[in-house]
Amino acid sequence: MDDGAYSQRDQGGGGDEPASTSGFDGFAASPLDLGADDFQLLKRALLNERMAPEVLAYKEQLVERVKSALQRQEADLELLERQKEADVARGIAGYEADRLRFLLKAYLRARLDKIQAHAGFILHEARVRARLSQAEQLFVQQVFVAAGRGLKASVLDHVPPAYASLVKRYDAESDNTLLVGPDTAGYVFAHVLDDCGQVPDGPDGQTAELRAGDMMVVKYSTVAALVEAGRVCLV
C-alpha cells in the first residue's frame, strides 16, 4: 500500500487462512444435505448484505438450493418422528434445520430492510432494481405506493400543488432530490479473499494493494465490484 493510502491492513492476516465470517464463525459446515460450500456462501451473502450500504444482487440460485435442502430435511424429520430410538438424531437434524433457516431469513430480512429504506431510489434506478428478485420488485412498488398514500393524506394534500411531489422538493426542480440513495462513500471492513492487485484509495491518487487474507478498512465504493464478484467479503 502506498504511504498516503487511507486503508488500514491487519498485518497479522495471512493469505492461506480461510475466509472469516465474523460473528458467524460459530456456524460450522452444515451436515444438512446442502454442502459446506453453499453453507459458507449463505453466511457470506448474509454478511455482505448486512454490511453493504446498498442492496446487492439477489442470490437466487443459492437461495433455491437452500430452500430445497430445508424441504428435504423436513421430510427426513417426519420420518424420524416415527422412530422412538431416533430422538438424538431428530434433535440434531432439527437444530441444523433451524440454524440454516435462521441464516436464510436473516439474509432476506436484511435485503427487505434496505429496500424499504430506499424504495423510491430503487424504483428510479433501473440498475439497482435489476438486483431484486421478482417478489422484491413487487414489494418495493407496494412499499413506495403505501408510503406515498400515507404521506399525501397526512401532509402533501395540505400544501400548495407545486410542493406536493413525492420525488421533488418543488415542481420546478430539475432533479429528484427527495429520492435519497444509500451512502456508498462510507468506510467498511473488508476481508480480501483473492489477490486483487492495486485499487484506488484516496483523493490524491493513492492506491492500496489487496492481497488474499488481508483485513482492511476501505471505502465501500472502492471494493463494491469486488464484493459482487466474490473476491472480497465485508465483515
Undergrad: To the nearest 0.5 Å, what is the distance between CG (L138) and CG (L132)?
TA: 11.0 Å
Undergrad: Spell out, yes or no, whether L112 and V128 are grouped together once hydrophobic residues are joined by side-chain heavy atoms under 4.5 Å, including indirect joins.
TA: yes
Undergrad: Test side chain to side chain contact (heavy atoms under 4.5 Å, CB included) on L56 and E228; report intermediate values, then the result.
TA: CA-CA 7 Å; L56 304 176; E228 287 284 18; 3.7 Å; yes
Undergrad: If you take all heavy atoms of V63 and Y58, which pair is closest and at what distance?
TA: CG1-OH, 3.4 Å
Undergrad: Where the side chain of R129 meets the backbone of L123, is there a donor-acceptor pair that is under 3.5 Å apart?
TA: yes
Undergrad: Can you tell me how far apart CZ (R109) and CG (L104) are? Round to the nearest 0.5 Å.
TA: 10.0 Å
Undergrad: Would you say V155 and V143 are hydrophobically clustered, going by side-chain heavy atoms of ILVMFWY under 4.5 Å?
TA: yes
Undergrad: Rounded to the nearest 0.5 Å, what separation is found between the CG atom of L47 and the CG atom of L234?
TA: 8.5 Å
Undergrad: Side chain of H124, backbone of A119: donor and acceptor closer than 3.5 Å?
TA: no
Undergrad: Can you find a heavy atom in the side chain of L70 that is under 4.5 Å from one in the side chain of R101?
TA: yes
Undergrad: Kindly compute the distance separating CG (D214) from CG (L193), expressed to the nearest 0.5 Å.
TA: 11.0 Å
Undergrad: What is the minimum heavy-atom distance between A185 and K219, and which atoms define it?
TA: O-CG, 3.6 Å
Undergrad: Any side-chain heavy-atom pair from L210 and V223 closer than 4.5 angstrom?
TA: yes
Undergrad: Which pair of heavy atoms, one from M215 and one from V235, lies closest together, and at what distance?
TA: CE-CG2, 3.5 Å
Undergrad: Using a cut-off of 6.0 Å, state whether more than 12 heavy atoms not belonging to Q61 lie near its atom CD.
TA: no
Undergrad: For a 4.5 angstrom cut-off between non-hydrogen side-chain atoms, does Y107 reach V66?
TA: no
Undergrad: Please lay out, stage by stage, how I115 and F144 fare under the test side chain to side chain contact (heavy atoms under 4.5 Å, CB included).
TA: CA-CA 10 Å; I115 290 172; F144 187 72; over 6 Å; no
Undergrad: Is it possible for you to say whether Y187 and F189 belong to one hydrophobic cluster, with membership spreading through side-chain heavy-atom contacts below 4.5 Å?
TA: yes
Undergrad: Counting distance only, does the side-chain N/O of R231 pair as donor-acceptor with the main-chain N or O of D195 below 3.5 Å?
TA: yes
Undergrad: Within the supplied structure, the quantity of interest is the number of heavy atoms (other residues, nucleotides, ligands) at a distance under 6.0 Å from F139 CZ; does it exceed 12?
TA: yes
Undergrad: Work out which heavy atom in A45 is nearest to a heavy atom in L62; give both atom names and the distance.
TA: CB-CD2, 4.4 Å
Undergrad: Determine the minimum heavy-atom distance between P182 and P53, stating which atoms define it.
TA: CB-O, 3.2 Å
Undergrad: Supply the atom-to-atom distance L41 CG to C233 SG, rounded to the nearest 0.5 angstrom.
TA: 10.0 Å
Undergrad: Looking at K114 and E136, is any side-chain nitrogen of the basic one under 4.0 Å from a carboxylate oxygen of the acidic one?
TA: no
Undergrad: Is there a side-chain contact between V188 and M51 in this structure, where contact means two heavy atoms from C-beta onward sitting under 4.5 Å apart?
TA: no
Undergrad: Checking V199 against L226 for the side chain to side chain contact (heavy atoms under 4.5 Å, CB included) test, could you report, in this order, the C-alpha distance in whole Å, the side-chain angles of both residues, the deciding distance, and whether it holds?
TA: CA-CA 10 Å; V199 298; L226 297 174; 4.3 Å; yes
Undergrad: Taking all heavy atoms of A106 and all of R50, pick out the closest pair and write down the distance.
TA: CB-NH2, 3.7 Å
Undergrad: Run the salt-bridge test on E49 and K59 with the 4.0 Å N-O cut-off and return the result as yes or no.
TA: no
Undergrad: Please say which of E125, E54, E60 ends up in a salt bridge (Lys or Arg N to Asp or Glu O under 4.0 Å) with R131.
TA: E54
Undergrad: Kindly compute the distance separating CD (Q40) from CG (D38), expressed to the nearest 0.5 Å.
TA: 10.5 Å
Undergrad: Under a 4.5 Å side-chain heavy-atom rule over Ile, Leu, Val, Met, Phe, Trp and Tyr, are L42 and F102 clustered together?
TA: yes
